[in-house]
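Because the structure is predicted, anything quoted here is derived from the model rather than measured.
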Amino acid sequence: MTASKTASRRASKDRYHHGDLKMALLRAAEAELAENGIESFSLRAVAKRAGVSHGAPAHHFKDAKGLLTALAASGFRRLVEAQESRQAEAGSDAHAQQIAAGLGYIDFALENPALFRLMFTSEKPDRNVAELGEASIAAYEKLMSGVRSVVGENPPDDPGAMKLIMASWATAHGLADLIVSGRAERPLNFSNLSKKERDALLSEMMGRQLLS
């Protein structure tokens with residue numbers, strides 16, 4: 001190895017602190033996933049994109065599955081943040097808050113389609129890892145809390161509330177998936193709607209489900 005290559009690798013190692021490197025690798029992994037897809041995803045490609053040594057991702061995540069698992073966990077945390085961001089701008093009543101959470105769900109999917117698919121449809125993440133389990137449960141608890149506020153009952157103790165949880169989830173997730181995949185374009189003409197018009201249409205559909 002030449003002196004220049006040695007110096008370059010040393011500079012790459014010194015560029016990040018421990019926590020910064022982990023976050024840099026997660027950002028690089030998400031960019032790699034979005035640009036090249038899950039099938040060609042590799043630690044080597046992520047390391048190259050992050051500008052670090054080939055062994056750096058393995059040090060933090062062990063293998064590609066570990067990195068994708070951590071990325072999916074991060075996605076669930078960001079999903080909740082997107083929902084809370086919408087709720088902060090909405091009315092305080094339970095129905096408005098639940099609709100806002102649904103809009104945040106769709107926002108997240110539209111802004112992060114590859115990550116959204118990784119979280120919900122890919123077999124690559126290890127669903128038995130505690131970090132991913134805790135993050136996905138927190139997202140589910142967010143949904144449960146919203147329905148609890150709407151119906152005034154604790155969902156696990158009320159079959160009707162549990163049905164509403166599944167209906168709320170199915171509506172938000174189904175809309176998100178259809179829009180991301182482009183299959184909602186023809187019937188709803190989303191690309192020609194302003195953000196305000198899109199939000200009004202989605203809110204109407206999710207609101208109907210809450211009142212049914």
Ionic contact status for [Y] with [X], cut-off 4.0 Å:
{"X": "Asp126", "Y": "Lys62", "answer": "no"}
{"X": "Asp107", "Y": "Lys195", "answer": "no"}
{"X": "Arg77", "Y": "Glu81", "answer": "no"}
{"X": "Lys48", "Y": "Glu32", "answer": "no"}
{"X": "Arg78", "Y": "Glu30", "answer": "yes"}

What are the two closest heavy atoms between [X] and [Y], and how far apart are they?
{"X": "Ala82", "Y": "Phe108", "value": "CB-CB, 4.1 Å"}
{"X": "Phe41", "Y": "Leu67", "value": "CZ-CD2, 3.9 Å"}
{"X": "Val46", "Y": "Leu25", "value": "CG1-O, 3.7 Å"}
{"X": "Leu201", "Y": "Leu193", "value": "CD2-CD1, 4.0 Å"}
{"X": "Pro57", "Y": "His54", "value": "CD-O, 3.4 Å"}
{"X": "Ser42", "Y": "Ala45", "value": "OG-N, 3.1 Å"}

For Phe76, what residues pass the ring-ring contact (aromatic ring centres under 6.0 Å, His included) criterion, not counting sequence neighbours?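 Counting only residues at least two positions away or on another chain, Phe76 forms a ring-ring contact (aromatic ring centres under 6.0 Å, His included) with Phe120.
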If hydrophobic clusters are built by linking Ile, Leu, Val, Met, Phe, Trp and Tyr wherever their side-chain heavy atoms come under 4.5 Å apart, do [X] and [Y] end up in the same one?
{"X": "Leu115", "Y": "Val129", "answer": "no"}
{"X": "Ile137", "Y": "Phe116", "answer": "no"}
{"X": "Leu103", "Y": "Leu178", "answer": "no"}
{"X": "Leu132", "Y": "Val80", "answer": "no"}

Which of Arg148, Met166, Lys163 passes side-chain contact (heavy atoms from CB on, under 4.5 Å) with Pro155? Answer is Arg148
Distance-only polar pair, side chains of [X] and [Y], donor-acceptor under 3.5 Å:
{"X": "Ser191", "Y": "Glu185", "answer": "yes"}
{"X": "Ser181", "Y": "Arg183", "answer": "yes"}
{"X": "Tyr140", "Y": "Trp169", "answer": "no"}

